[in-house]
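A short write-up of the structure that comes next.
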2 protein chains.
Amino acid sequence: MSTELTPLQQRVLDFITECIQDRGVPPTVREIGKRCKINAPSSVAYHIKQIEAKGFLKHEDAISRGLSLPEGSDPARLPILGRVGAGNGIIAQEDIEGHLRVDPESAKRGDFVLRVRGDSMTGVGILEGDFIQVRPAETARDGQLVIGVTEEDAEGVVKRLKKRGSSWQLESENPNYSPITKEFRVVGLVIGLIRNYS
Amino acid sequence: MSTELTPLQQRVLDFITECIQDRGVPPTVREIGKRCKINAPSSVAYHIKQIEAKGFLKHEDAISRGLSLPEGSDPARLPILGRVGAGNGIIAQEDIEGHLRVDPESAKRGDFVLRVRGDSMTGVGILEGDFIQVRPAETARDGQLVIGVTEEDAEGVVKRLKKRGSSWQLESENPNYSPITKEFRVVGLVIGLIRNYS
DNA sequence: GAGTATACTGTACAGATGTTCAGCTGTCAA
DNA sequence: TTGACAGCTGAACATCTGTACAGTATACTC
C-alpha cells in the first residue's frame, strides 16, 4: 500500500478537515459522499478506512461522526535548538531546549526555532530573546535574512546575506557591528519570528 | 438569565470540552447524560440550550453531535480582527479576517490578533505587517505596550503607555511621531508578536 | 482467458440520535 | 396558599448513521 493519498482520498480528507476546523463537527459518511460525489455510504467508509490506514485520519468504529485528525495536525511543533548569536553568539549544541508551536500554514517539516541573542539585528526588528523560525537551506538570495555559520568555530548568526562587489558577506542591521567577510556557510533561512512579552 | 453557568451546566460543558479536545468528537446527549448523571436526553438538551444561550457553546440543530466550542475557546486559534494602526491607523471593524494559530501556552481565551500598520513602533521591533497578539484589558501599567483607542474616532493604535507628570499618554517608538495626549482608552495588552518573512 | 486487486454501487438494517410532548418536583416570592 | 419558574423524567418518534453484504466495472497481471 502506498503511503500517498489518491486525489479522491485527498478530497475526502480535505472535506473532513474543513468540517472539523470550520464547523467544529466532523461530517457523516453521507455528507462526505454528497460533497465528494460518492454515491454509496459504503464507498465513503471504504475510503475512510484507506485514509486511516495511511495515517491521515483517526476513526472510531461505530460512532457517528467518529472522525478526527491525528496528533500533529494542530499547530506545528517545532524544536527550539538553542540560542543563535545575533551579535557574536553561537548556535548551541543541537540539544532541543523545548518546543514552540506555530501556525501549521507557515511551517514545513524540518523547520526549527532559534532564540536570538544580541542586538545586531535590531534594525530590522529582531530583538534579543526573540524566537526565529528557520527553514534549513544551503543557499539564499542577495538580501535575505539567513542563519550563517563560519567554518572555523561553527558559530551561528542571524544576518542579512549581501553581495558586495564579487564577494558575499553577512551584514548586521546595527551600525555597531561590522560585516562578516571571512568564509561562512548558509544553513537556513529566516522565515518567521515569534516574540513573547511577559 | 444570568451569564454564569450553574455547577451542573459547568460539568456538562467540561465534559463536552473534554470530548472535543481529547477524543476529537463531540458527545451525544445520551453520552453527556450518562456521564453527568442526567437520565433523560431531553434534560441534557435543555441544559445544552441554556449553555448555548449563555454563549459557551455552539449547537447545530438536528445534527448528531452538533456541538462545538465557540470562537476563542481553542486558545491556540486566534481570530485576526483587522489591522491596527501603529502610526495613525485604525482597528478595523471586528470582522474576523482569518485565524492564526499560536502556541497554546502563551494564549488565553479572549486573545486576538491584530495586524500592524505603520512604522511608529519600529524602535521596539514592531514592524508594519507584523501580527500582534493582544489580550483584552482595560488597564495597564506604566511602560507597557498597549492597544489604545481614542474616544472620538475609535482609532486603535499600538503604543507604549507612559505616565508623564500627572497625566498618561500613548507614546510611539519612533521619533517622527508625537505622543497621543488626548483622551484615550486602553483596550488590550500586547503579549506577543508573530512575523512571517515571505 | 482466468485471476486478482481496486474502486466503486445499491440495498438493507439495527441501533444511535435529536426532538417533542405531557407531566412531575422542589424552591421561592407574593 | 398560590403562582411562577427552573430542573428534570419518561416515552415515543422520525430521522440519521455506520456497517454489512452482494454485486459491478475496470485495469492489470499471469
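From a predicted model like this one, the values you see are computed outputs, not experimental measurements. Proteins get letters first, then strands, A, B, ... in listed order; numbering begins at 1 in each.
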With Ile16(A), which residues qualify under side-chain contact (heavy atoms from CB on, under 4.5 Å), at least two apart? Val12(A), Ile20(A), Pro27(A), Ile32(A), Leu57(A), Leu67(A)

By side chain to side chain donor-acceptor pair (under 3.5 Å), which residues pair with Glu173(B), not counting sequence neighbours? Arg160(B)

Could you run down nucleotides 7-19 of chain C 5' to 3' and tag each one B, S or - for protein heavy-atom contact under 4.0 Å? BSBB-B----BBB

Can you tell me which residue pairs pass the salt bridge (charged side-chain N to carboxylate O under 4.0 Å, His left out) test with a partner in residues 131-141 of chain B, sequence neighbours excluded? Asp111(B)-Arg135(B)

Just jot down the salt bridge (charged side-chain N to carboxylate O under 4.0 Å, His left out) partners of Arg11(A), sequence neighbours excluded, or say none. none

Hey, could you give me each pair passing side chain to side chain donor-acceptor pair (under 3.5 Å) that has a residue in residues 26-42 of chain B? Not counting sequence neighbours. Glu18(B)-Arg35(B), Arg23(B)-Glu31(B), Glu31(B)-Arg65(B)

